[in-house]
Asker: 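My questions all concern the structure below.
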Amino acid sequence: MSTPVIGVLALQGDVREHLVALAAADAVARPVRRAEELAEIDGLVIPGGESTTMSKLAITFGLLEPLRERVRAGLPTYGTCAGMIMVADKILDGRDDQETVGGIDMIVRRNAFGRQNESFEAAVDIAGIGSGPVEGVFIRAPWVESVGGEVDVLATHQGHIVAVRQGDVLATSFHPELTGDHRVHRFFVEMVQRA
Ligand code: GLN
């Protein structure tokens, strides 16, 4: 595959920043709002934002089941922050009616690092991404409490898991789309190309 087409789930959240980062990482990037559009993409990013709202909108727009099916069928997917919550098979501290797409056999705790005023930046070393650590921007970020046997842990911060991969599904607690460093997006684009 030469230039993959990567959709950004555009229900809510920092969609525009991912579109810019994906284009900088040599993908064709486009927003995805309708189930039909899932058939036209080679990969999908689920952005940061608010996972409770994203869950609600995915149900309202009839996207939840199509997303689940597409991810289950192998669509390479990358979730950042709220997106990490969306690709978790199980979550803690979610709303009672909150649904996820799933895709990674892990338990993710929402707002684990604290509320908005506890947002922070930290250097994060990610397995498979060379040239030094990335600048991790954590905003009311989740962390991964535990993972199943098929999941690779790619990064930790202060003993907590903050980046994981299972097959073609990738997730980070932090927001590489906000930094201007496109190495994580490039890593995902290469995952999509190899898939
Ligand atoms: N705390 C948010 C949630 O639960 C995630 C925050 C973010 O994406 N920056 O969805």
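Atoms within each ligand, like the ligands themselves, are counted from 1 in listed order.
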Asker: What distance do Leu154 atom CG and Leu170 atom CG have between them, rounded to the nearest 0.5 Å?
Answerer: 6.5 Å
Asker: If the condition is ring pair (Phe, Tyr, Trp, His ring centres under 6.0 Å), which residues does Tyr78 pass it with, not counting sequence neighbours?
Answerer: His185, Phe188
Asker: Pick one: which of Ile46, Thr60, Thr53, Leu63 meets side chain to side chain contact (heavy atoms under 4.5 Å, CB included) with Leu11?
Answerer: Leu63
Asker: Do Val5 and Val32 sit in the same hydrophobic cluster, where Ile, Leu, Val, Met, Phe, Trp and Tyr count as joined when their side-chain heavy atoms come under 4.5 Å apart?
Answerer: yes
Asker: Tell me if the CD atom of Glu65 is crowded by more than 12 foreign heavy atoms within 6.0 Å.
Answerer: yes
Asker: Please determine, by modelled atom types, if Glu177 and His175 share a side-chain donor-acceptor pair under 3.5 angstrom.
Answerer: yes
Asker: Ligand 1: which protein N/O atoms lie under 3.5 Å from its N/O atoms?
Answerer:
from     : atom 1 : to     : atom 2 : distance (Å)
ligand 1 : 1 (N)  : Asn111 : OD1    : 2.5
ligand 1 : 1 (N)  : Arg140 : O      : 3.1
ligand 1 : 4 (O)  : Ser51  : OG     : 3.2
ligand 1 : 4 (O)  : Arg110 : NE     : 2.7
ligand 1 : 4 (O)  : Arg110 : NH2    : 3.2
ligand 1 : 8 (O)  : Gly49  : N      : 2.9
ligand 1 : 8 (O)  : Gly49  : O      : 3.1
ligand 1 : 8 (O)  : Ala82  : N      : 3.0
ligand 1 : 9 (N)  : Ile139 : O      : 3.0
ligand 1 : 9 (N)  : His175 : NE2    : 2.9
ligand 1 : 10 (O) : Ser51  : N      : 2.5
ligand 1 : 10 (O) : Ser51  : OG     : 2.8

